[in-house]
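See structure below.
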Amino acid sequence: MEFKHKSVLLDETIEGLSIRPDGIYVDGTLGGAGHASEVCQRLSAKGRFIGIDQDQDAIIAASERLAAYEDRVTIIRSNYCYMVNELKNLGIQKVDGIVLDLGVSSYQLDNEERGFTYRVDAPLDMRMDQRQSRTAADIVNGYDEKELYRIIRDYGEDKFAKNIAKHIVAARAKAPIQTTGELTEIIRQSIPMKIQATGGHPAKRTFQAIRIELNRELDVLRESLDGMIDLLDDGGRICIITFHSLEDRIVKTIFRKNENPCTCPPDFPVCVCGKESKGKVITRKPILPSKVEMEENPRSKSAKLRIFERRYKK
Ligand SMILES: C[S@@+](CC[C@H](N)C(=O)[O-])C[C@H]1O[C@@H](n2cnc3c(N)ncnc32)[C@H](O)[C@@H]1O
């Protein structure tokens with residue numbers, strides 16, 4: 001299947017990076033290299049680009065797309081949570097810019113074999129990294145009712161989480177749930193018809209929840225962000241595109257904490273905690289896609305771009 005993905009907030013991200021032609025740039029979510037190829041185009045022969053993705057299909061597609069820049073490009077199959085170490089292995093201590101375009105690509109969603117979507121019947125897989133042994137089926141058939149409820153409530157923000165978890169457990173007591181179609185049908189039976197007629201697809205939130213849990217999407221983001229900010233050289237920027245409020249909240253909070261890490265009580269006349277700012281939040285409010293982009297690419301509708309700039313104390 002051809003790797004098709006329309007990059008979201010492309011111009012805004014490239015502008016936000018403020019690219020220096022001889023700088024070092026990293027994309028931790030390389031995908032089809034849409035953002036990456038725009039970065040590479042702006043680099044001189046002295047510049048360097050490192051692209052990371054955990055998905056083998058993305059690595060193959062991106063390698064082909066970036067072949068023309070091979071003198072300045074390194075592509076690594078890894079999780080971006082290992083970015084600091086992967087760069088250290090290349091002898092790189094500091095970089096001038098980082099891009100994260102979170103979540104799944106359209107290719108992953110549309111590829112029927114990958115089991116990310118409720119739109120087609122496929123094995124319950126949802127792994128971004130195909131080397132991982134655990135799949136969505138292990139979560140659906142292995143988690144107890146309380147754990148299923150927790151993830152559907154917290155990561156899917158679904159009002160019917162309790163009922164969905166109950167129906168999953170009842171259904172799998174008869175036979176293991178093996179396909180996206182079976183799971184979708186169980187979710188349909190857990191949500192009142194009246195709600196199904198008005199809201200989006202009834203399975204959307206539960207599928208999102210299972211995907212986030214399986215790929216540890218929020219934990220990885222939360223655990224990696226400080227390290228990435230520390231990787232930035234003076235004036236270097238990190239641009240992050242999120243697709244739902246859970247991710248966006250993590251980015252917003254960690255950016256703010258890095259801008260103002262002081263933990264002194266507000267009534268203290270001077271700071272005594274000694275924690276110093278690491279830079280500036282460039283986007284007080286997130287940058288959103290234009291109306292035109294949302295019309296041309298409906299998947300961009302929920303996207304938000306936030307940018308942080310590293311500033312060293314002079
Ligand atoms: C939205 S797509 C990126 C698309 C890309 N910016 C483009 O324009 O073609 C997200 C990609 O990030 C990858 N990804 C998500 N989380 C990751 C992680 N923690 N580590 C490495 N890759 C990850 C996914 O496999 C997917 O290929």
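Counting convention: from 1, in listed order, for ligands and their atoms alike. Here, residue 1 is the first one in the sequence, and each next residue gets the next number.
Listed for the Gln54 side chain is no donor-acceptor partner under 3.5 Å among the backbone atoms of Met128. In terms of modelled atom types and a separation under 3.5 Å, the side chain of Asp144 and the main chain of Val169 share no donor-acceptor contact. Within the 3.5 Å criterion, the main-chain N or O of Lys162 finds no donor-acceptor partner in the side chain of Arg153. Judged by distance alone, with hydrogens and angles left aside, the side-chain atoms of Asp138 form a donor-acceptor pair with the main-chain N or O of Thr135 at under 3.5 Å.
Every residue two or more places apart in sequence or in another chain was checked for a ring pair (Phe, Tyr, Trp, His ring centres under 6.0 Å) with Phe49, and none qualifies.
Contacts of Cys81 with ligand 1, taken as heavy-atom pairs under 4.0 Å, are absent altogether. Of all the heavy atoms of Met128, the ones lying under 4.0 Å from any atom of ligand 1 belong exclusively to the side chain. Residue contacts with ligand 1 for Ser78 involve N, CA, C or O but no side-chain atom from C-beta outward (heavy atoms, distance under 4.0 Å). Residue Val99 does not touch ligand 1, judged by heavy-atom distances below 4.0 Å. Contacts between Leu30 and ligand 1, counted as non-hydrogen atom pairs separated by less than 4.0 Å, involve the backbone only. Here Thr29 has heavy atoms under 4.0 Å from ligand 1 in both its backbone and its side chain. Of the heavy atoms in Leu102, only backbone atoms (N, CA, C, O) come closer than 4.0 Å to ligand 1.
Cluster partners of Leu305, using a side-chain heavy-atom cutoff of under 4.5 Å among ILVMFWY residues and allowing indirect links, are Val8, Leu9, Ile241, Phe243, Ile282, Ile287, Ile307.
Ionic pairing of Asp110 and Arg299 is present here: one or more N-O contacts between side-chain nitrogen and carboxylate oxygen are shorter than 4.0 angstrom. A salt bridge does not link Arg127 with Asp55: every distance from a Lys NZ or Arg NE/NH1/NH2 to an Asp or Glu carboxylate oxygen is 4.0 Å or more. In summary, Lys257 and Asp226 engage in a salt bridge, as defined by a charged side-chain N under 4.0 Å from a carboxylate O. At a threshold of 4.0 Å, the pair Glu182-Lys174 does not count as salt-bridged, since none of the basic side-chain nitrogens sits closer than that to a carboxylate oxygen.
The shortest N or O to N or O distance between Asp27 and ligand 1 is not below 3.5 Å. The shortest N or O to N or O distance between Phe243 and ligand 1 is not below 3.5 Å. Residue Gln108 has at least one nitrogen or oxygen atom sitting less than 3.5 Å from a nitrogen or oxygen atom of ligand 1, judged on distance alone.
Here the straight-line distance linking atom CG of Asn215 with atom CG of Asp129 works out to 8.5 Å at 0.5 Å rounding.
With respect to atom 8 (O) of ligand 1, the closest heavy atom belonging to the protein is Ser7 OG, 2.5 Å. Remark: minimum distance from atom 18 (C) of ligand 1 to any protein heavy atom is reached at Tyr80 CD2, 3.2 Å. At the top of the distance list for atom 27 (O) of ligand 1, counting protein heavy atoms only, stands Asp53 OD2, 2.7 Å. At the shortest separation from atom 17 (C) of ligand 1 among protein heavy atoms lies Gln54 NE2, 3.2 Å. Given atom 4 (C) of ligand 1, the protein heavy atom at minimum distance is Asp101 OD2, 3.3 Å. Distance from atom 19 (N) of ligand 1 to its nearest protein heavy atom, with residue and atom name: Asn79 OD1, 2.9 Å. Among protein heavy atoms, atom 7 (C) of ligand 1 sits closest to Gly34 N, 3.3 Å.
Residue Gly103 places a heavy atom under 4.0 Å from ligand 1. The closest approach between any non-hydrogen atom of Ser106 and ligand 1 is not below 4.0 Å.
Ring-plane geometry between His201 and Tyr118 is classed as parallel, the angle between the planes falling under 30 degrees on a 0 to 90 degree scale with a further cut at 60.
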